[in-house]
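In what follows, chains are A, B, ... by sequence order, proteins preceding strands, each numbered from 1.
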Amino acid sequence: MRQLILGLFFITSLLLPSSVVALEKQELKQSLSSAIDSVMAIVSDANMSKDEKRVKVYQSIDPLFDFAKMAKLSLGKRGYKSLTKEQQKEYIELFTTKIKSSYADKIELYSDEKIMMGELKKMKKRIHISTYVDKSGEKKEIIYKYYYSKDRGWVIYDVDVLGVSIVKTYRLQFANELKKGSAHELLAKLRAK
Amino acid sequence: MYIRVILSLLFIATFYTYAVAASDLNSSDAAVGIEDEFDDEFDDEFEEYSEISDPLEGFNRSMTTFNDKLFDVVLEPVVFKGYRAIVSKPVRSSISNFYSNLYYPVSFVNNLLQLKFKEASDETIRFIVNTTFGIGGLFDPARNGLGIEPSVEDFGQTLGHYGVGSGFAIVLPLFGPTNVRDLGGSFVDFYIDPIFFVNLREYNIAQNQYEGWGAVTYKQLNRFSLYDQEYKSMRKDALDLYPYLRDSYELYRDRQIEE
């Protein structure tokens with residue numbers, strides 16, 4: 001009898017992963033919302049220095065974003081493959097630093113405003129979660145775009161600010177730079193920034 | 001003994017169920033399948049944009065530099081600083097609201113031209129409510145009380161809605177990036193916009209062309225004073241400021257036209 005009960009436990013535990021995935025989608029919104037809340041709390045905390053704030057903001061957003069993916073998508077296949085392995089690694093690090101500080105800059109602009117959660121849209125292979133911020137009496141939309149990563153589950157690969165995709169603007173910028181010079185020179189430019 | 005047999009059968013059954021459930025998930029949620037570093041689906045998502053033509057690039061670049069210098073040397077340290085000291089942020093927001101409210105005829109006409117009747121009637125309700133309860137448009141009770149969001153449309157968007165492309169990029173002093181379609185569109189909008197002076201029109205607020213241009217410039221400066229930090233943060237993202245602003249403008253307009 002005890003074996004049977006143990007067996008049932010085992011069965012339940014086997015069935016669990018599928019419900020976890022379903023749950024994940026519901027909790028995605030919750031996790032984004034609480035990450036935004038904690039970022040806003042950090043940003044408007046008067047007792048922390050700017051650098052301390054940065055470190056804490058990065059800690060809260062790190063688990064949500066796939067910065068390496070953003071970096072690769074922004075450079076595009078051809079540009080990325082023209083770099084050596086070491087350069088690729090350096091590029092991803094440079095891009096990640098840049099995008100994180102850019103995100104923190106933008107969030108700081110809205111430290112006095114309230115961010116509201118919008119709807120979660122489920123597409124074939126993507127999930128978009130809308131958020132809204134009121135700025136000078138106007139509603140601004142920021143959309144977080146998720147894809148399913150093999151090892152990390154649903155993670156953010158792009159953010160739309162007022163309908164403008166961050167990855168897209170970087171892609172256009174990098175394409176511009178690559179027209180003028182090599183990926184190597186682009187790297188140097190990013191390093192200097 | 002037979003309990004063990006039952007148990008192992010159960011094991012097999014659950015494994016099977018789980019495998020089916022998992023493969024189901026794979027196909028419907030798409031997620032776990034094979035994934036190359038560079039998914040083609042991602043390419044589809046990001047490669048649709050074709051760059052705007054830019055015969056005036058040289059001029060546009062200089063104008064962007066001019067605007068940027070204007071911002072750093074004149075606007076930010078002198079104009080905005082002084083303006084902010086005299087006019088508080090809520091007041092500047094109200095001034096911006098006031099101008100937005102006066103834009104109603106333009107927005108109404110362009111919504112109609114795009115057959116957006118719901119939006120046209122929303123804009124009308126907003127205008128009536130904000131002009132009366134919002135004290136001449138200084139406040140936005142239509143949005144804050146009734147939850148009616150603005151649906152602003154201009155003639156550039158109307159043209160875009162009917163498939164007119166942007167033409168080429170133009171950068172204006174102070175007003176920044178635009179394109180042939182949108183610049184042409186604003187001249188059409190000026191004929192309707194009450195803040196602008198148009199000969200032979202009954203409802204001119206401005207007494208002459210200069211006052212009309214003055215009102216338009218003040219509208220822009222007031223708005224810019226509310227969004228100067230945004231400009232600074234955008235500027236930091238740019239590797240090369242001109243194409244960055246140009247492309248961001250195009251993407252932003254594309255999105256507005258789509259809506």
Side-chain angles (χ1 to χ4, degrees), chain A residues 1 3-4 6-8 10-11 14-15 17-18 21-22 25 69 72-74 76-77 80-81 98-99 101-102 105-106 108-109 122 124-126 135-139 147-150 153-154 157-158 160 162-177 180 186 189-190 193, chain B residues 3-4 6-7 10-11 13-15 17-18 21-22 24-25 28-35 37-39 41-43 45-47 49 51 89 92-94 96-97 100 139-140 143-144 149-150 223 226-227 229-230 232-233 236-240 243-244 247-248 251-252 254-256 258-259:
Chain A
M1 198 56 205
Q3 271 171 314
L4 191 67
L6 275 177
L8 281 172
F10 190 65
I11 291 158
L14 273 176
L15 286 171
S18 61
V21 174
K25 271 182 277 171
K69 187 79 177 178
K72 287 174 198 166
L73 290 172
S74 297
K77 199 182 297 185
Y80 188 72
K81 295 219 162 125
K98 191 170 161 60
I99 201 97
S101 88
S102 158
D105 274 349
K106 296 209 166 47
E108 273 166 23
L109 291 180
K122 172 94 175 66
K124 221 174 136 209
K125 300 188 171 188
R126 305 275 184 269
K135 168 83 190 185
S136 309
E138 285 170 48
K139 193 171 162 188
Y147 84 107
Y148 196 93
S149 134
K150 231 184 337 195
W154 292 100
Y157 70 93
D158 191 12
D160 279 4
L162 308 181
V164 179
S165 142
I166 288 181
V167 167
K168 217 178 235 177
T169 49
Y170 273 109
R171 209 175 168 110
L172 286 165
Q173 287 204 74
F174 290 163
N176 245 308
E177 296 300 317
K180 288 187 280 179
L186 170 66
K189 207 160 182 182
L190 275 176
K193 258 274 172 179
Chain B
I3 282 183
R4 281 204 184 162
I6 292 172
L7 264 184
L10 275 173
F11 274 5
T14 30
F15 264 121
T17 328
Y18 177 52
D24 243 26
L25 273 170
S28 65
D29 291 313
V32 203
I34 317 130
E35 207 216 343
E37 261 192 323
F38 285 97
D39 250 311
E41 32 171 300
F42 275 114
D43 278 349
E45 187 173 338
F46 293 114
E47 250 161 31
Y49 182 78
E51 211 165 87
K89 201 177 157 194
R92 282 181 285 136
S93 277
S94 271
S96 177
N97 285 341
S100 305
F139 303 97
D140 193 351
R143 174 167 186 264
N144 302 325
E149 292 289 335
R223 210 180 143 71
L226 289 165
Y227 288 98
Q229 296 304 316
E230 268 85 351
K232 277 188 182 166
S233 112
K236 264 167 99 180
D237 290 341
L239 289 171
D240 186 355
Y244 176 71
D247 296 339
S248 301
L251 290 169
Y252 176 56
D254 285 353
R255 168 61 188 259
Q256 285 186 320
E258 238 173 67
E259 272 176 355

Student: Counting heavy-atom pairs under 4.5 Å to chain B, which of K135(A), K189(A), E138(A), Q173(A) comes out on top?
Tutor: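 Among K135(A), K189(A), E138(A), Q173(A), the one with the most close pairs to chain B is Q173(A).
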Student: For the candidates K232(B), Q256(B), E230(B), Q229(B), which exhibits the highest count of non-hydrogen atom pairs separated by less than 4.5 Å from chain A?
Tutor: E230(B)
Student: Salt bridge check, K180(A) against E177(A): does any charged N sit closer than 4.0 Å to a carboxylate O?
Tutor: yes
Student: Examine whether an atom of E149(B) lies under 4.5 Å from a heavy atom of chain A, and if so say whether it belongs to the side chain, the backbone or both; otherwise answer neither.
Tutor: side chain
Student: With a 4.5 Å cut-off on side-chain heavy atoms, are K236(B) and S102(A) touching?
Tutor: no
Student: Below 4.5 Å, heavy atoms only, C-beta onward: do L73(A) and K69(A) meet side chain to side chain?
Tutor: yes
Student: Distance from S74(A) atom OG to K98(A) atom NZ, nearest 0.5 Å?
Tutor: 11.0 Å
Student: Let me know if I166(A) has heavy atoms under 4.5 Å from chain B in its side chain, its backbone, both or neither.
Tutor: neither
Student: Please flag which part of K139(A) lies under 4.5 Å from any non-hydrogen atom of chain B: side chain, backbone, both or neither.
Tutor: both
Student: Between S100(B) (side chain) and S96(B) (backbone), is there a donor-acceptor pair under 3.5 Å?
Tutor: yes
Student: Under 4.0 Å between a Lys/Arg side-chain N and an Asp/Glu carboxylate O for D237(B) and K106(A)?
Tutor: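 Judged by the 4.0 Å cut-off on N to carboxylate O distance, D237(B) and K106(A) do form a salt bridge.
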Student: Among all residues two or more places apart in sequence or in another chain, which pass the side chain to side chain donor-acceptor pair (under 3.5 Å) test with K89(B)?
Tutor: none
Student: Please classify the contact of E108(A) with chain B as side chain, backbone, both or neither, using a heavy-atom distance under 4.5 Å.
Tutor: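 E108(A) has no heavy atom closer than 4.5 Å to chain B.
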Student: Which answer fits E258(B), side chain, backbone, both or neither, if we ask what part of it has an atom under 4.5 Å from a heavy atom of chain A?
Tutor: neither
Student: What part of L162(A) gets closer than 4.5 Å to chain B, counting heavy atoms only: side chain, backbone, both or neither?
Tutor: both
Student: Ignoring hydrogens, what is the shortest heavy-atom contact between W154(A) and K125(A)? Give both atom names and the distance.
Tutor: CZ3-O, 3.9 Å
Student: Which one wins on heavy-atom pair count under 4.5 Å against chain A: R92(B), R223(B), E259(B)?
Tutor: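 Heavy-atom pair counts peak at R223(B).
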Student: Flag the one option from L226(B), D240(B), L239(B) with the top tally of heavy-atom pairs under 4.5 Å to chain A.
Tutor: L239(B)
Student: Given that the side chain runs from C-beta out, which part of F139(B) has a heavy atom under 4.5 Å from chain A: side chain, backbone, both or neither?
Tutor: neither
